[in-house]
Amino acid sequence: MRLLEDGPYRYRIEPTGGMRVPGVVFASRTLLHGADQALEQVANVARLPGVVEASYAMPDVHWGYGFAIGGVAATDPAEGGVVSPGGVGFDISCGVRLLAADVDGAGLRPVLADVMDALDVAVPRGMAKGAVWRLHDAKEMDGVLTGGARFAVERGHGVQRDLDRCEDGGVVAGADPGQVGTRAVERGLGQVGSLGSGNHFLEVQRVAEVYDEAVAAAFGLRRGQICVMIHSGSRGLGHQICTDHVQVMEREMPRHGIRVPDRQLACAPVESPAGRAYLGAMAAAANYGRVNRQLLAQAARRVFQRIAGVRLDLVYDVSHNLAKLEDHRIGGRRRRVCVHRKGATRAFPPGHPELPPDLRDVGQPVLVPGTMGTASYVLTGVTEGRAFHSACHGAGRVQSRHQAARGVSGRDLRARLESGGIAVRAASWRGLAEEAPAAYKDVTAVIEATEGAGLCRKVARLVPVGVVKG
């Protein structure tokens with residue numbers, strides 16, 4: 001794939017072979033090493049009907065299903081624009097929640113081991129069922145799917161700030177439980193409030209560095225403070241929804257005269273019955289994901305309060321696997337487009353009307369988890385922005401899980417992390433080894449590219465002191 005350097009941390013793929021728009025990649029040459037398959041996917045997305053402006057890739061880009069992970073693209077429904085489940089992924093509304101504690105690292109240190117032991121018990125994880133909140137019936141599930149975190153808070157699982165500081169106020173509009181299949185509901189009933197496996201985690205962190213004191217203060221962060229970061233999504237329910245609707249769209253494409261270069265880009269016009277059905281089901285899964293992280297946060301709160309007498313307040317919760325209808329200025333005019341963010345997070349700028357009042361002057365918190373043993377970052381959206389105000393979502397894999405597990409044993413990795421002062425509680429040795437730091441890009445280089453490309457601005461760097469892994 002020929003890349004033309006087009007500015008600081010910015011590369012361009014010129015339209016060829018049916019591409020309707022160029023590809024634009026925000027990265028450094030080093031970060032793009034070995035990313036040829038992902039770049040081919042960026043070019044493929046540029047061929048989707050109704051795609052506008054460009055097919056974008058974030059600095060953490062790597063190969064995924066249909067879209068590259070770290071891919072962003074918008075389509076215009078008024079021009080036959082499509083929605084593609086591959087542009088969202090199987091873990092719909094997978095995202096990150098950050099909570100700030102009213103204690104610093106030194107204050108937590110005497111009880112850290114007890115806190116980690118209690119979290120190990122309190123946080124359900126792994127592939128099997130197990131949840132903080134056991135739903136009783138389909139009616140209660142409907143409440144989760146339509147009400148999101150608001151439904152959970154109304155039932156005593158949280159406080160008003162949890163909604164104020166959550167993307168979309170904690171609930172995605174337009175959810176349609178009628179488009180969620182029976183099998184998806186069955187898979188979701190026993191998993192509300194659970195981490196799952198893979199790269200999902202609950203991490204206890206310390207704010208090691210603050211780059212912008214005023215913005216950090218608005219977010220509720222200060223140097224030395226303890227935080228809790230949660231990374232999880234919509235579990236089996238979201239996976240099943242993606243599976244079901246990809247199959248529908250594969251059958252629907254010929255009726256609309258749509259051909260795609262990769263069957264994993266199966267899609268349907270946004271305004272078609274199949275397109276609307278998927279968006280309704282996706283919104284329901286997004287609400288499930290919000291409830292999932294809400295319940296995990298509540299489990300962490302109970303542990304911190306009981307063991308350490310510490311309170312946890314929500315900094316922000318944002319998803320990085322969604323397709324949403326948003327208004328953006330494109331080609332000199334405002335257009336309502338369907339923005340796919342797959343392994344990418346929105347990064348709204350200061351003054352954006354969808355931000356809560358106490359954050360509107362400083363911009364949206366952008367939460368970027370790193371790898372075990374390294375660091376995570378909090379950034380903020382900037383006025384100029386890029387790629388429909390989007391940013392990276394993590395470090396980005398460079399090794400498969402199989403490759404990572406061959407490189408280190410789980411026991412050796414835990415010993416290495418604990419010798420560095422990071423307490424580890426893992427559900428399995430294999431799962432721990434699959435998420436070894438060597439399996440990912442250098443998160444600091446990813447953040448440098450993200451800021452250098454004008455996507456976001458750094459606010460704080462957080463380092464791990466304890467990790468609970470699926």
Side-chain angles (χ1 to χ4, degrees), residues 8-9 26 58-60 95-105 160-170 203-231 297 311-320 341 344-370 374-395 443-464:
Y9 298 102
F26 302 105
M58 299 294 111
D60 55 335
V96 182
R97 172 169 290 223
L98 182 66
L99 302 112
D102 58 347
V103 69
D104 60 15
Q160 180 60 40
R161 181 185 171 93
D162 296 336
L163 305 179
D164 297 338
R165 285 293 188 94
C166 184
E167 182 183 16
D168 307 309
E203 194 165 278
V204 181
Q205 303 171 333
R206 176 176 53 83
V207 180
E209 193 167 1
V210 171
Y211 305 101
D212 188 316
E213 296 281 354
V215 176
F219 288 176
L221 299 173
R222 54 179 170 75
R223 185 179 175 87
Q225 184 179 25
I226 289 294
C227 294
V228 173
M229 181 175 280
I230 299 168
H231 178 208
R311 188 183 75 249
L312 296 175
D313 291 326
L314 184 61
V315 174
Y316 206 65
D317 181 297
V318 67
S319 301
H320 48 236
R341 295 186 180 93
T345 178
R346 76 175 200 185
F348 284 168
H352 197 284
E354 289 194 32
L355 294 179
D358 62 341
L359 296 180
R360 201 160 292 159
D361 290 341
V362 297
Q364 180 207 304
V366 176
L367 310 176
V368 184
T374 58
S376 297
Y377 285 82
V378 178
L379 305 95
T380 189
V382 293
T383 299
E384 58 275 18
R386 300 287 187 275
F388 315 107
H389 288 293
S390 304
C392 63
H393 87 306
V443 69
T444 301
V446 170
I447 297 302
E448 178 184 317
T450 299
E451 189 170 44
L455 298 169
C456 280
R457 188 162 51 82
K458 287 189 300 185
V459 175
R461 179 172 64 90
L462 286 63
V463 296

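No experiment lies behind these values; they were computed from the predicted model shown.
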* To do: State which residue, out of H320, M229, Q205, fulfils the side chain to side chain contact (heavy atoms under 4.5 Å, CB included) condition with P369.
  =>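 Result: among H320, M229, Q205, M229 is the only option passing the side chain to side chain contact (heavy atoms under 4.5 Å, CB included) with P369.
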* Verdict with supporting geometry, L221 and C227, side-chain contact (heavy atoms from CB on, under 4.5 Å) -> CA-CA 9 Å; L221 299 173; C227 294; 3.7 Å; yes
Between [atom1] on residue [X] and [atom2] on residue [Y], distance to nearest 0.5 Å:
X: H389; Y: C456; atom1: NE2; atom2: SG; value: 10.0 Å
X: Y316; Y: L99; atom1: OH; atom2: CG; value: 14.0 Å
X: F26; Y: R386; atom1: CZ; atom2: CZ; value: 6.5 Å
X: I226; Y: D104; atom1: CD1; atom2: CG; value: 7.5 Å

Would you find a donor on one side and an acceptor on the other, under 3.5 Å apart, between the side chain of [X] and the backbone of [Y]?
X: D60; Y: H393; value: yes
X: Q364; Y: R346; value: yes
X: Q225; Y: A101; value: yes
X: E451; Y: K458; value: yes
X: R206; Y: V463; value: no
X: R97; Y: L314; value: no

* Should D358 and R165 count as an ion pair when the cut-off is N to O under 4.0 Å? ->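 Counted as a salt bridge, because a side-chain N and a carboxylate O are separated by less than 4.0 Å.
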For a quick test of reading the model, state the closest non-hydrogen atom pair linking [X] to [Y] and the distance between them.
X: T345; Y: C392; answer: CG2-O, 3.2 Å
X: G394; Y: V446; answer: O-CG1, 3.6 Å
X: V315; Y: F219; answer: CG1-O, 3.7 Å
X: V382; Y: P349; answer: O-CB, 3.1 Å
X: V443; Y: A375; answer: CG1-O, 3.5 Å
X: A387; Y: S390; answer: O-OG, 2.7 Å

* Start with the C-alpha gap between S376 and L367, add the side-chain angles, then the distance that decides, and say whether side-chain contact (heavy atoms from CB on, under 4.5 Å) holds. => CA-CA 8 Å; S376 297; L367 310 176; over 6 Å; no
* Given T450, T380, D212, the one that forms side-chain hydrogen bond (donor to acceptor under 3.5 Å, both in side chains) with R457 ->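 Only match with R457 under side-chain hydrogen bond (donor to acceptor under 3.5 Å, both in side chains): D212.
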* Could you check V366 against V318 for side-chain contact (heavy atoms from CB on, under 4.5 Å), going step by step and ending with a plain yes or no? => CA-CA 8 Å; V366 176; V318 67; over 6 Å; no
* Which of parallel (below 30°), tilted (30 to 60°) and perpendicular (above 60°) describes Y377 and Y211? ->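 Ring orientation of Y377 relative to Y211: parallel.
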* Would you call L98 and V378 a side-chain contact if the rule is heavy atoms closer than 4.5 Å? ->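 Yes, at least one pair of side-chain atoms sits under 4.5 Å.
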* To do: Taking the side chain as every heavy atom from C-beta outward, state whether M58 and L455 have any atom pair closer than 4.5 Å.
  =>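 A side-chain contact under 4.5 Å exists here.
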* Sequence-distant partners of D102, side chain to side chain contact (heavy atoms under 4.5 Å, CB included), two or more places apart ->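 With neighbours one apart ignored, the set is V310, R311.
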* To do: Check step by step if side-chain contact (heavy atoms from CB on, under 4.5 Å) holds for L462 and E203.
  => CA-CA 10 Å; L462 286 63; E203 194 165 278; over 6 Å; no
